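Sharing a structure below in structure tokens format, with a few things to ask.
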Number of protein chains: 2
Amino acid sequence: MTANTRAQYKTQAHIIKALAHPTRLFIVDELARGERSVRELTDMIGVEMPTVSRHLSQLRNVGIVDDEKRGAQVFYRLRVPCVLNFFKCVEAVQRDGGKEARQNTVLEMSCVA
Amino acid sequence: MTANTRAQYKTQAHIIKALAHPTRLFIVDELARGERSVRELTDMIGVEMPTVSRHLSQLRNVGIVDDEKRGAQVFYRLRVPCVLNFFKCVEAVQRDGGKEARQNTVLEMSCVA
DNA sequence: AATACAATTAGCCAACTCGCTAAATGCTGC
DNA sequence: GCAGCATTTAGCGAGTTGGCTAATTGTATT
């Protein structure tokens, strides 16, 4: 592996990592429906606004979402809709695979999915 | 958000997190070319075998890869090829977005990609 | 200008991640 | 059975993550 290749994987991992958290997945899912203010998202998620704000800036830093300040509020938008395709594949992983996952929560998952 | 929905996002995040590391991305990429033994992967990556082994079991635990023991060796296979689509989308994120990413490494990225 | 609300930043702490080395397990060939 | 290789497991330590509260910044309203 060359240094360049290694750097490339690192950058990609950084982007994927931005999606690797339940709250941030929820945010992406919600923003797929339209733009939302930080307050709106905070009210839906069960954590404090500063925490939500940090999740949002994480998504923004890698370019997945976009923000626009209007008045006192900041609205966030999904910038790269293709990340929604991740969900489909992840569901496929849930169905087809997952030894540990199957032991834990996937069975209950397949009930609600 | 119901408890079930929350659990669902948690499970999905767990799967995505398994991909959110440079070494594991490399492994997935390499396994897309065919099965590989732990030794083979270790020789390509610059870390010790125990570390590679743990990355592999992380991928196996969420069902992304599969292992088969033949003799003294263990061969790993990609089980859910759709994860390769992640790469395409991640490249789109790299191109279209990424404030921080743009500052850091994306420019050099777009040269090698 | 004073108050109130929206959002971010800073600082703290518990939990997790990922590298390593050492030890354990399992198979192969002598 | 013993030696040697392949792999995994265990245990350690540095660094990161994600929650919180408190403090800061910026806008709107009175």
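No experiment lies behind these values; they were computed from the predicted model shown. Here is how names work: the chains are called A, B, and so on, in the same order as the sequence lines, proteins then strands, and each is numbered from 1.
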request  = Taking B/Asn61 for its side chain and B/Ser57 for its backbone only, find out whether a donor-acceptor pair lies under 3.5 Å.
outcome  =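 Checking the backbone N and O of B/Ser57 against the side chain of B/Asn61, a donor-acceptor pair under 3.5 Å is found.
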
message = Can you see whether B/Phe75 has B/Arg70 sitting over its ring - NZ or CZ less than 6.0 Å from the centre and within 45° of the normal?
response =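 That pair qualifies as a cation-pi contact.
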
Sugar-phosphate, base or nothing in reach of A/Ser57, heavy atoms under 4.0 Å =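 No contact at all - A/Ser57 keeps every heavy atom at 4.0 Å or more from the nucleic acid.
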
inquiry  = Expressed as a whole number of angstroms, how long is the span from A/Ile45:CD1 to C/dA7:P?
reply    =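 Result: 12 Å.
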
message = How many whole angstroms separate atom CE of B/Met49 from atom P of C/dA23?
response =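 The answer, rounded to whole Å, is 18 Å.
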
query = Under the criterion side-chain contact (heavy atoms from CB on, under 4.5 Å), which of A/Gln12, A/His14, A/Lys10 is the partner of B/Pro22?
reply =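 By the side-chain contact (heavy atoms from CB on, under 4.5 Å) criterion, B/Pro22 pairs with just one of A/Gln12, A/His14, A/Lys10: A/Lys10.
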
ask   = Tell me: NZ of B/Lys10 to P of D/dG19, nearest whole Å?
value =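 So the NZ-P distance, B/Lys10 to D/dG19, works out to 12 Å.
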
query = Taking atom P of D/dG13 as reference, at what distance in whole Å does atom CD of B/Glu48 sit?
reply =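 It is 19 Å, rounded to the nearest whole Å.
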
Any pair counted as salt bridge (charged side-chain N to carboxylate O under 4.0 Å, His left out), so long as it reaches residues 40-53 of chain A, sequence neighbours left out =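 For residues 40-53 of chain A, and leaving out neighbouring residues, the salt bridge (charged side-chain N to carboxylate O under 4.0 Å, His left out) pairs sorted by first residue read A/Arg39-A/Asp43.
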
Candidates D/dT8, C/dT8, D/dT21 - which lies nearest the side chain of A/Arg60 =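 Of all the options, the side chain of A/Arg60 is nearest to C/dT8.
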
Using nucleotides 24-30 of chain C, report all nitrogen or oxygen pairs with the protein that are shorter than 3.5 Å.
none

query = Short question: side chain of A/Thr42, backbone of A/Val38 - any donor-acceptor pair under 3.5 Å?
reply =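 Checked: pair present.
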
query = Can you say whether the rings of B/Phe26 and A/Tyr9 are parallel (under 30°), tilted (30 to 60°) or perpendicular (over 60°)?
reply =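 Taking A/Tyr9 first and then B/Phe26, their aromatic rings stand perpendicular (interplane angle over 60°).
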
task = Examine distances only and state if a side-chain atom of A/Arg24 and a backbone atom of A/Ala18 form a donor-acceptor pair shorter than 3.5 Å.
result =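 Looks like yes, one N/O pair under 3.5 Å.
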
ask   = Between D/dA6 atom C1' and B/Arg36 atom CZ, what is the distance in whole Å?
value =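 The distance from CZ of B/Arg36 to C1' of D/dA6 comes to 18 Å, rounded to the nearest Å.
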
request  = Figure out the CG/C1' separation between A/Leu19 and D/dG18, and round it to whole Å.
outcome  =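 From A/Leu19 CG to D/dG18 C1': 17 Å.
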
task = May I have the distance from A/Gln73 (atom CD) to C/dA4 (atom P), rounded to whole angstrom?
result =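 Roughly 18 Å, once rounded to whole Å.
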
ask   = Within less than 4.0 Å of OP1 or OP2 of D/dA6, is there a side-chain N or O belonging to B/Tyr76?
value =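 Result: no.
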
ask   = Which pair of non-hydrogen atoms, one from B/Ala20 and one from A/Ala13, has the smallest distance, and what is that distance?
value =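 For B/Ala20 versus A/Ala13, the nearest heavy atoms are C-CB, 4.0 Å.
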
query = Between D/dG19 atom C1' and B/Arg6 atom CZ, what is the distance in whole Å?
reply =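 After rounding, the reported distance stands at 13 Å.
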
Which protein N or O atoms sit under 3.5 Å from an N or O of nucleotides 13-18 of chain C?
{"from": "C/dC18", "atom 1": "OP1", "to": "B/Arg24", "atom 2": "NH2", "distance (Å)": "3.4"}
{"from": "C/dC18", "atom 1": "OP2", "to": "B/Arg24", "atom 2": "NH1", "distance (Å)": "3.3"}

inquiry  = Is any side-chain heavy atom of B/Arg79 closer than 4.5 Å to one of B/Arg60?
reply    =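 No - every pair of side-chain heavy atoms lies 4.5 Å or more apart.
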
query = Mapping A/Pro50 and B/Arg39 to their closest nucleotides on DNA chain D, which lands nearer the 5' end?
reply =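 It is B/Arg39 whose nearest nucleotide is closer to the 5' end.
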
